[in-house]
Amino acid sequence: MPDAQATSTHDWNGDSGKRWAANLDRLDLMLQDFGDAAIVAAAAQPGEHILDIGCGSGTSTFMLADRVGPTGHVLGVDISRQLVELARAATPKAAPIEFHLADAATADFPAEGFDLLFSRFGVMFFDDPVAAFANMRAALKPGGRVAFVCWRSAAENDWVRLPMTAIRDIVQPAPADPDAPGPFAFGNLYRLTDILTTAGFADIEVRPFDTRLAYGRSDTRDAALDDALDMAFQVGPLSRALADQPDEVRARAAAAVRAVFATLPGDTSVLIDGAAWIVTARNRAA
Ligand SMILES: C[S@@+](CC[C@H](N)C(=O)[O-])C[C@H]1O[C@@H](n2cnc3c(N)ncnc32)[C@H](O)[C@@H]1O
């Protein structure tokens with residue numbers, strides 16, 4: 001499969017991709033427990049062929065490759081050129097791994113080429129999710145599995161809800177469509193199940209996974225609060241809400257968000273509740 005000239009629908013080749021790449025260590029720490037839970041649910045076996053959707057810099061791809069071993073193979077695809085290049089640069093020689101730059105919604109995957117479709121937070125950005133999942137399903141063997149982790153709603157995720165509430169008297173972002181492509185597009189369980197059913201999946205299981213995630217990191221409590229604040233200003237909904245605001249507004253917002261982070265536990269990170277779905281299903285085609 002050749003690299004596609006990927007077009008970005010959500011800025012993954014622009015600002016979002018750059019910010020994600022600049023915060024890789026923080027994001028890996030934040031997402032680690034969610035990714036681990038999805039990897040367990042995926043139950044990858046030695047020798048399997050796996051497609052890792054929206055693989056970013058490859059953290060989950062490398063974990064899956066360890067599980068399939070030398071007789072298996074993992075193909076990571078991502079729409080962000082910058083993240084695919086980072087993933088390729090980090091790939092050990094002779095590892096059963098490839099990374100392709102591609103839009104998973106339309107990519108020409110080998111038909112029935114994979115035992116498992118996997119994703120760690122990489123499948124919520126499709127403009128037409130039914131068409132995208134149908135395209136990915138065609139790449140699955142009959143009876144093949146899908147396993148992914150995605151966020152529940154923003155209202156259930158304190159790492160978004162608390163900072164956004166803290167700035168509500170300072171900045172009023174336009175109300176977001178909860179179903180619009182973006183991190184929280186699969187928050188609605190019924191919509192998510194409907195998308196997968198319509199795209200041709202069966203045996204769909206969606207289970208909540210809640211944990212306290214580690215937001216930011218440093219050696220002392222004070223420095224950890226600063227690091228968490230810096231991260232919130234660089235990636236995620238708060239960063240987007242404040243992107244075009246004047247310095248004076250950003251300074252007031254920073255003070256409000258730091259104050260709310262200071263109410264949360266954690267010594268070397270700010271520990272905040274996160275809420276995700278762990279989703280598993282099978283290709284209905286027998
Ligand atoms: C929230 S990040 C997660 C990255 C990675 N899975 C991780 O956990 O670190 C979402 C990823 O999905 C990718 N992505 C978004 N839309 C995509 C699409 N249509 N096809 C392929 N990748 C896409 C983005 O470029 C980004 O790397």
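Basis for what follows: all heavy atoms, side chains included, without hydrogens, waters or symmetry-related copies. Atoms within a ligand are numbered from 1 in the order they appear, just like the ligands themselves.
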Ion pair present between R258 and D222, side-chain N to carboxylate O less than 4.0 angstrom?
yes
Between V146, I50, N283, which is the residue that forms a side chain to side chain contact (heavy atoms under 4.5 Å, CB included) with L117?
V146
Any atoms of ligand 1 less than 4.0 Å from a non-hydrogen atom of F121? List them with their elements.
1 (C), 2 (S), 3 (C), 10 (C)
Number the atoms of ligand 1 from 1 as they appear, then name those within less than 4.0 Å of a heavy atom of S80, with their elements.
25 (O)
Under a 4.0 Å N-O cut-off, is there an ion pair linking R19 with D11?
no
Quickly, which of V149, I39, D210, I278 forms a side chain to side chain contact (heavy atoms under 4.5 Å, CB included) with F34? Name it, please.
V149
Is any N or O atom of D103, backbone or side chain, closer than 3.5 Å to an N or O atom of ligand 1?
yes
Which option, R81, M124, R120, owns the non-hydrogen atom nearest atom 8 (O) of ligand 1?
R120
Options G122, A21, G54, A102, ranked by nearest heavy atom to atom 4 (C) of ligand 1, top entry:
G54
Which word best sums up how the rings of W20 and W12 line up, parallel for under 30°, tilted for 30 to 60°, or perpendicular for over 60°?
perpendicular
What do you reckon, does C55 put a non-hydrogen atom under 4.0 Å from ligand 1?
yes
Looking only at heavy atoms of T59, does any of them come nearer than 4.0 Å to an atom of ligand 1?
no
Given that the side chain starts at C-beta and the backbone is N, CA, C, O, which of these parts of I79 lies under 4.0 Å from ligand 1, counting heavy atoms, or is it both or neither?
both
Look at D267 together with R221 and state whether they make a salt bridge at an N to O cut-off of under 4.0 Å.
no
Considering only heavy atoms of W20, which atoms of ligand 1 have at least one such atom less than 4.0 Å away?
1 (C), 2 (S), 3 (C), 4 (C), 9 (O)
Can you sort out which atoms of ligand 1 are near F126, meaning under 4.0 Å from one of its heavy atoms?
18 (C), 19 (N)
Any atom of ligand 1 sitting under 4.0 Å from a heavy atom of L83?
yes
Just to verify, what does D203 make a side chain to side chain contact (heavy atoms under 4.5 Å, CB included) with, not counting sequence neighbours?
R282
Using distance only, find each side-chain donor-acceptor pair of residues 227-243 under 3.5 Å and give its atom names and separation, not counting sequence neighbours.
residue: D227; atom: OD1; partner: R26; partner atom: NE; Å: 3.4
residue: D227; atom: OD1; partner: R26; partner atom: NH2; Å: 2.6
residue: D227; atom: OD2; partner: R26; partner atom: NE; Å: 3.3
residue: D227; atom: OD2; partner: R217; partner atom: N; Å: 2.7
residue: D230; atom: OD2; partner: R26; partner atom: NH1; Å: 3.4
residue: D230; atom: OD2; partner: R26; partner atom: NH2; Å: 2.9
residue: D230; atom: OD2; partner: Q234; partner atom: NE2; Å: 3.0
residue: Q234; atom: OE1; partner: N23; partner atom: ND2; Å: 3.0
residue: S239; atom: OG; partner: G236; partner atom: N; Å: 3.4
residue: S239; atom: OG; partner: G236; partner atom: O; Å: 2.6

